[in-house]
Amino acid sequence: MLRINDIIDKAQTYLPQEDLEMIEKAYIYSASVHQGQVRLSGEPYLTHPMEVAGILTNMKMDAATIISGLLHDTIEDTLTTVEQIEKEFGRDVAFLVGGLTKLSLISFGSQEERQSENFRKMILAMSADIRILLVRLADRIHNMRTLQYQPNDKRIYIARETMDIYAPLANRLGINSMRMELEDLSFQYIAPDAYNELSARVAKTNEARDRYTEEVKSIIGSELEKSSIKCRVEGRAKHLYSIYKKMHEQHINFDEVYDLIAFRVILDSDKDKTCYEVLSIVHALWKPVPGRFKDYIAMPKANNYQSLHTAVIGPYGERMEIQIRTKMMHEWAEKGIAAHWRYKEGLSFKNSEENQIKKLREVMEIQHEIKDPKEFMSNLKLALFPEEVYVFTPNGDVKSFPKGATPIDFAYSIHTDVGNQCIGAKVNKSIVPLKYKLQNGETVEVTTQTGHHPSKDWLKYVVTTRAISKIRNWINLEEKKSSLTLGRDLLEKEFKRHNLKFGNYVKSEEIKKVFIECSVNHLDDLISQVGFGRISAKRVVNCFLAEELVDVSEPVTDKIKKKKTASPSMGVSLSGVEDIEDIMVNFAKCCNPIPGDEISGYISRGRGIIVHTKNCPYMKKMDAERIVGVEWNVREEYTYPVHIKVVCDDLKGILTEVSSVISSFDINISYAQIETVDMVATCNFVIDINNLQQLNQVSSAIRQLKFVKSIERLRHF
């Protein structure tokens, strides 16, 4: 177990004595409030905050951040309050610890919603102080180091979340060492067989690789010494996940991965031009591999990473990658934002570092507008997508975008109005379609037209979170306008059907009761929900009819009964509920249930209850808490579309004969198609069926035809 003296010894190399005393005080406080608590490993719980603080100390973070690492679980897991933290350690630490506290006391509908809200809170807090994210990353690293003590299903969930969110976050912050460790730890649990096989193969070649590494380092070092260039040469194997990723993306096996070793030249000089001098010396030593040179000094990565990368044919004909950078560039590459922390001795960031924080905050803050948990997590992963392309504006400014970006993404990066009104684009002065994928080094200009609006199809082509968010915002506003028009029309017609005036009732005090009944805040919300189909117009009218249609002398119990005498919707009733008149019922297109099938219901967002067959494979993937019992309750005659496929010999008039059999049962055919291959005909029909019994009867009759080979019911259209 890490000791407090280990942390103090490291911290005293860069922090003043008063900070060390506060760190020790935080250790004592954390030990006191966590006393008696143990981790799944059986160790005292204190080992976790100690390890987190140790990681932050290795990064040379300020005292407030290290103290927050020691206290980050106190509010969530003990009786400690934010007020107590502020009293003992100050407002700065209290804010950090508060931002780190998970939403454990709030009830959520699903694990996905809980995950989404936790990240949402972290992002909001981070936009005010990025140290919160640094502590959260340190916390995740130690949790990943001890993941073997979790149940297997939880291990995979946490590892996947780490790979999708935390490792990319570390990358965006430029903290390479954290990113690599998080990726390798996640890889170990997400694909254990591949991890074990790859680590065994890498271990087998260790001895030979070590000899080769020392030889190359010696050659580079002595050659640079001749030119009086002071530097440090490093050589190390790439981390396992990067090797696996390369094999997977390039469809190659382990023996074909030529750059298992990455060599790095770290210069004592802070002059960029020295890097280019070293590059020319390396290229004079070994032949460069065409197309493998990348200049991240002239054009830094989105996370402010700077370095020269080249691949050469080294000793014994082996390909190898060489990175060349200054000491300052190397510090940023390994530690990122933590390398030049604002709170360290009152220093401020350089412009490039300030811009990096600003860019990251913009990426994160735009997510706050998204309410749906699935959409939020999907967009967050997209926002952290690491691969980028660099293009030029007509004025020569450089803009970076995720790989796959289009001119529409470019337009929205300039201004929302430019994006909304974009009608065309030119790349290198040639007209391209709006779905064209931008490439490195291209010059892009867009054409706009006043009054033009985004299209829903644009969402298929854009990849930046800004463009996606702005297009969706516009579409949502337009849909809301349409829903208001449609909702008002539906309500007016329904009120008129009962000889009532909609305009009179919306001005009455009773409308407020309707707002409460329908869980809306104002009239536009109510009308919009009716337009979207989430609330039926009949339900709104019934709120006013309940009193008017009942005689004053009737008891209250009779009123309730009268209100609940509606016929079931589309022949389906909700188990345990007498009336589902006001609940929309839709039938799933994946399985197309009909009366006679065993069914289940799924409570969707905005589409009411979706009815599936019980054996529908999609039901297994759905949130179990939203699945409800439903049953057939057909009091009126309804028809349900069913897709059947009839395979038969390719003979003249077969479509007419099969159609005649179907029509003899007084069944409507809404769709018919025939395809012939090698003297075999496949007839596809969509027929309107009353129930499973009727379907079985018509299927049996078709099967009696001599030329029919098979008939089956298809579950989708």
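Numbering of residues begins at 1 and proceeds along the displayed sequence. Since we're looking at a predicted model, the values are computed, not measured.
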S.K.: Could you walk me through whether Trp332 and Thr326 pass side chain to side chain contact (heavy atoms under 4.5 Å, CB included), step by step?
M.R.: CA-CA 10 Å; Trp332 178 270; Thr326 67; over 6 Å; no

S.K.: Can you tell me if Gln35 has over 12 outside heavy atoms packed within less than 6.0 Å of its CD?
M.R.: no

S.K.: Is the shortest heavy-atom distance from the side chain of Ile141 to the side chain of Leu182 under 4.5 Å?
M.R.: yes

S.K.: At their closest point, which heavy atom of Met50 faces which heavy atom of Ile4, and how far apart are they?
M.R.: CE-N, 3.3 Å

S.K.: Show, in sequence, the C-alpha distance, side-chain angles and deciding distance for Met328 and Gln306, and conclude whether the side chain to side chain contact (heavy atoms under 4.5 Å, CB included) test is met.
M.R.: CA-CA 10 Å; Met328 190 176 293; Gln306 288 185 291; over 6 Å; no

S.K.: I'd like to know if the side chain of Arg179 pairs up with that of Tyr241 as donor and acceptor (distance under 3.5 Å, no hydrogens or angles considered).
M.R.: no

S.K.: Do other residues, nucleotides or ligands put more than 12 heavy atoms under 6.0 Å from Arg39 CZ?
M.R.: yes

S.K.: Could you walk me through whether Phe401 and Val463 pass the side chain to side chain contact (heavy atoms under 4.5 Å, CB included) check?
M.R.: CA-CA 9 Å; Phe401 295 95; Val463 298; 5.9 Å; no

S.K.: To the nearest 0.5 Å, tell me how far Leu133 CG sits from Arg140 CZ.
M.R.: 11.5 Å

S.K.: Just how far is it from atom CG of Asp184 to atom OH of Tyr244, taken to the nearest 0.5 Å?
M.R.: 13.0 Å

S.K.: Between Thr13 and Asp9 (side chain of the first, backbone of the second, donor and acceptor by atom type, cut-off under 3.5 Å), is there such a pair?
M.R.: no

S.K.: Compare all side-chain heavy atoms of Leu198 with those of Met247 and state whether any distance is below 4.5 angstrom.
M.R.: yes

S.K.: Between His309 and Tyr296 (judged by ring centroids, cut-off 6.0 Å), do the two rings come close enough to count as a pair?
M.R.: yes

S.K.: Give a yes or no on whether Glu598 atom CD has more than 12 heavy-atom contacts from other residues, nucleotides or ligands under 6.0 Å away.
M.R.: no

S.K.: With a 3.5 Å distance limit and no angle check, can you tell me whether Thr213 reaches the backbone of Arg209 through a side-chain donor-acceptor pair?
M.R.: yes

S.K.: Find out whether His72 and Leu96 are in side-chain contact, i.e. whether some heavy atom of one side chain is under 4.5 Å from a heavy atom of the other.
M.R.: no

S.K.: Out of Lys217, Arg264, His330, which residue meets the side chain to side chain contact (heavy atoms under 4.5 Å, CB included) rule with Arg232?
M.R.: His330

S.K.: Using 0.5 Å steps for rounding, measure from the OG1 atom of Thr162 to the CE atom of Met144.
M.R.: 4.5 Å

S.K.: Would you say Ser469's side chain and Arg466's backbone share a donor-acceptor pair under 3.5 angstrom?
M.R.: no

S.K.: Rounded at 0.5 Å granularity, tell me how far CG in Asp139 sits from CD in Glu51.
M.R.: 12.0 Å

S.K.: Looking only at non-hydrogen atoms, find the nearest pair between Ile190 and Met163 and report the distance.
M.R.: CD1-CB, 3.9 Å

S.K.: Counting heavy atoms not belonging to Leu79, are there more than 12 under 6.0 Å from its CG?
M.R.: no

S.K.: Side chains of Ile7 and Tyr27: closer than 4.5 Å at any heavy-atom pair?
M.R.: no

S.K.: Flag the pair Phe95 / Arg131 as yes when at least one side-chain heavy-atom distance between them is below 4.5 Å, and no otherwise.
M.R.: no

S.K.: Please find the pair of heavy atoms, one from Ile175 and one from Met59, that lie closest to each other, and give the distance.
M.R.: CD1-CE, 4.0 Å

S.K.: Side chains of Leu185 and Leu147, heavy atoms from C-beta outward: is any pair under 4.5 Å?
M.R.: no

S.K.: Grab the two heavy atoms, one from Thr464 and one from Pro402, that are nearest each other, plus how far apart they are.
M.R.: CG2-CD, 3.6 Å

S.K.: Checking Tyr29 now: which residues fulfil ring-ring contact (aromatic ring centres under 6.0 Å, His included) with it, not counting sequence neighbours?
M.R.: Phe89

S.K.: Would you say NZ of Lys614 has more than 12 non-hydrogen atoms from neighbouring residues, nucleotides or ligands within 6.0 angstrom?
M.R.: no

S.K.: Hey, are the side chains of Arg3 and Asp6 touching, using non-hydrogen atoms and a 4.5 Å cut-off?
M.R.: yes

S.K.: Once you round to the nearest 0.5 Å, how far does CG of Asn615 lie from OG of Ser600?
M.R.: 9.5 Å

S.K.: For Asp62 and Leu15, which heavy atoms make the closest approach, and how far apart are they?
M.R.: CA-CD2, 4.4 Å

S.K.: Begin with the C-alpha distance, continue with both residues' side-chain angles, and end with the deciding distance and a verdict on side chain to side chain contact (heavy atoms under 4.5 Å, CB included) for Asn143 and Ile158.
M.R.: CA-CA 9 Å; Asn143 282 333; Ile158 294 170; 5.9 Å; no

S.K.: Can we say Glu331 and Lys327 salt-bridge, meaning some charged N sits less than 4.0 Å from an Asp/Glu carboxylate O?
M.R.: no

S.K.: Say whether, by atom type as modelled, one donor and one acceptor occur between the side chain of Ser30 and the main chain of Ala26 under 3.5 angstrom.
M.R.: no

S.K.: Which is it for Asp73 and Tyr45 under the side-chain hydrogen bond (donor to acceptor under 3.5 Å, both in side chains) test, yes or no, and what are the steps along the way?
M.R.: CA-CA 10 Å; Asp73 279 336; Tyr45 193 85; 2.5 Å; yes

S.K.: What is the distance from atom CD1 of Ile599 to atom SG of Cys616, rounded to the nearest 0.5 Å?
M.R.: 12.5 Å

S.K.: Taking the side chain as C-beta and beyond, is there a heavy-atom pair between Met178 and Tyr166 under 4.5 Å?
M.R.: no

S.K.: Ignoring hydrogens, what is the shortest heavy-atom contact between Ile55 and Ala138? Give both atom names and the distance.
M.R.: CD1-O, 3.6 Å

